Amino acid sequence: MTFKNQLVPAAPSRSLSSTVVYISIIFVLSTYVTIDFFKQHSSAFRLESQSSLSEADQAPSKLAATVVSAAAAASATLSMQPAEDDVCSSVFGHLPEHRSSQQQEADPWDQMKWIGKPARCRVKGELIENLDEHYNFRRGYALKFTADVEDKTHLLPWLLGSKVNLNARERRVYLDLGANALETSIQWFMRWYPCDFTEVHAFEINPQLLKLPEVEFAEDDNVEVPNPRAIVAKQTPGIPNWMLQRMTFYNQLVSDADDDATKAVNITRFMKETLNLSASDTVVVKMDIESVEWPILQRWLQDPQMAEIVDELFVEIHYQHPSMSGFLWDSWAPRTRDQASYLLASLRSKGFFVHPWP
Ligand SMILES: *[C@@H]1O[C@H](CO)[C@@H](O)[C@H](O)[C@H]1NC(C)=O
Ligand SMILES: *[C@@H]1O[C@H](CO)[C@@H](O)[C@H](O)[C@H]1NC(C)=O
């Protein structure tokens with residue numbers, strides 16, 4: 001009864017509320033159009049944001065402020081969207097966050113996590129690790145979780161192959177540039193990377209280092225003299241023959257320019273012309289070539305085709321830093337760690353899904 005009495009006067013207010021809904025929809029749509037307009041015409045702000053580092057820190061908030069005042073009623077999420085895109089398409093969205101030592105101490109990611117935190121900008125639409133420059137890009141080692149300076153455990157959660165299915169493509173290529181021995185990194189990628197590669201191309205100038213293994217792994221034979229305190233497996237499984245047949249080794253120098261005298265190969269030309277790689281192939285590249293990465297990556301930054309060809313890039317960037325002197329890194333002067341971060345951030349802003357390789 002009371003129910004019915006309440007419903008009668010409610011009728012006019014119901015039509016009033018649907019009018020409010022229509023007006024709100026029109027308001028939201030026109031707000032969206034306004035924001036889109038500002039987004040399309042924000043190139044002036046973008047230019048400004050690339051002009052210098054200190055200005056760049058202010059540019060995104062300046063843009064956000066303009067958008068907010070233009071569409072005052074827009075929700076916070078909507079108004080931040082253009083600013084976010086703008087930041088992530090420039091190098092500044094990808095640079096490491098500079099924080100005070102108190103901020104670092106208060107950050108659980110800094111002391112607790114073996115893996116780093118996610119970066120604020122995605123690359124190829126996927127999450128990637130924050131650049132971790134103050135640890136020389138070597139989290140596990142710097143935080144004393146491991147004694148291995150080349151530990152790569154922190155990269156495992158961020159592999160592109162675990163986010164998108166790189167196995168769906170017919171041609172799946174792993175390029176190891178500066179391979180060292182078979183166990184150094186080829187084996188790491190064979191074991192850890194979530195892709196069944198159909199081709200492996202490995203470059204190593206020192207013929208003593210990279211050799212195909214001869215001994216085939218046989219499980220039946222893999223038994224050590226029993227020792228109750230030890231595991232009984234004698235040998236780690238090697239790379240099977242069918243996989244070895246997919247591998248090609250090049251006793252040549254990876255370089256930016258071809259040069260027969262030094263056995264140097266222009267790796268950009270090699271990938272595009274000799275291997276005929278394209279965006280429809282899976283291409284994962286590891287690069288550890290003792291500072292020759294600088295000119296090659298500068299070239300790739302200017303070449304949108306390379307950002308499409310290379311799905312994921314792992315690169316050891318060589319620079320001079322006192323804390324790396326023990327590893328003979330003084331010879332990489334005048335390159336600095338800040339320049340290395342800037343190069344990595346630039347590559348990410350151009351669409352390279354790149355990780356520092358320890
Ligand atoms: C290396 O090859 C690329 C692609 O063919 C070419 O554009 C570039 O000029 C070459 N580098 C040098 C130093 O010639
Ligand atoms: C190179 O790859 C393209 C597809 O990306 C293909 O159409 C072409 O035939 C290939 N060329 C050679 C020489 O294999």
Side-chain angles (χ1 to χ4, degrees), residues 91 123-126 160-161 163-179 185 189 193-206 210 242-319 331-335 339-340 342-354 357:
V91 59
V123 181
K124 294 191 195 287
E126 303 295 337
L160 187 65
K163 299 161 195 282
V164 301
N165 185 6
L166 295 175
N167 281 295
R169 310 196 191 148
E170 198 179 331
R171 216 179 150 190
R172 303 181 295 275
V173 179
Y174 170 65
L175 271 147
D176 198 309
L177 311 179
S185 50
F189 277 92
Y193 198 86
C195 179
D196 169 35
F197 293 106
T198 57
E199 290 168 46
V200 174
H201 300 274
F203 282 75
E204 174 49 57
I205 187 68
N206 182 346
L210 188 58
W242 57 263
M243 186 70 228
L244 292 180
Q245 280 157 20
R246 298 177 180 184
M247 294 185 178
T248 316
F249 290 172
Y250 305 80
N251 181 215
Q252 285 171 298
L253 211 54
V254 175
S255 176
D256 185 43
D258 286 305
D259 181 10
D260 289 345
T262 56
K263 291 177 52 174
V265 175
N266 176 338
I267 198 66
T268 315
R269 181 198 53 73
F270 179 84
M271 290 170 71
K272 284 183 174 177
E273 292 163 29
T274 310
L275 293 185
N276 191 30
L277 296 174
S278 76
S280 59
D281 303 315
T282 287
V283 178
V284 174
V285 180
K286 185 224 90 179
M287 192 186 271
D288 180 2
I289 47 178
E290 315 307 282
S291 88
V292 185
E293 68 274 6
W294 288 93
I296 294 173
L297 296 178
Q298 297 293 352
R299 180 180 299 286
W300 289 10
L301 271 179
Q302 311 299 321
D303 187 344
Q305 220 189 334
M306 287 310 288
E308 286 175 7
I309 289 176
V310 177
D311 291 286
E312 190 165 17
L313 173 62
F314 300 80
V315 58
E316 176 157 341
I317 302 199
H318 297 82
Y319 53 84
S331 50
W332 312 125
R335 303 292 189 187
Q339 287 173 346
Y342 196 91
L343 179 57
L344 288 163
S346 306
L347 286 162
R348 285 184 176 184
S349 74
K350 300 284 183 186
F352 285 93
F353 202 87
V354 59
W357 180 256

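Quick caveat, the model's predicted, so the values are computed rather than measured. Atoms within a ligand are numbered from 1 in the order they appear, just like the ligands themselves.
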Open item on the list: Considering only residues two or more places apart or on different chains, which pairs with a residue in residues 243-263 satisfy ring-ring contact (aromatic ring centres under 6.0 Å, His included)?
Closed with: His201-Tyr250, Phe203-Tyr250, Tyr250-Phe270
- [ ] State plainly whether the residues Arg172 and Asp281 are in salt-bridge range, i.e. N to O under 4.0 Å.
- [x] no
Output block, N or O contacts of ligand 2, threshold 3.5 Å exclusive:
| unit_1 | atom_1 | unit_2 | atom_2 | d |
| --- | --- | --- | --- | --- |
| ligand 2 | 2 (O) | Asn276 | OD1 | 3.4 |
| ligand 2 | 2 (O) | Asn276 | ND2 | 2.5 |
| ligand 2 | 5 (O) | Ser278 | OG | 3.4 |
| ligand 2 | 11 (N) | Asn276 | ND2 | 2.7 |
| ligand 2 | 14 (O) | Asn276 | ND2 | 3.1 |

Task: Salt bridge present between Asp303 and Lys272 (N-O < 4.0 angstrom) - done: yes
Task: Salt-bridge criterion met for Lys263 and Asp258 (N-O under 4.0 Å) - done: no
TODO: Mark yes or no for whether Glu308, through its side chain, and Met306, through its backbone, hold a donor-acceptor pair below 3.5 Å.
DONE: no
Task: Exam field: side chain Arg171 to backbone Thr282, donor-acceptor pair closer than 3.5 Å - done: no
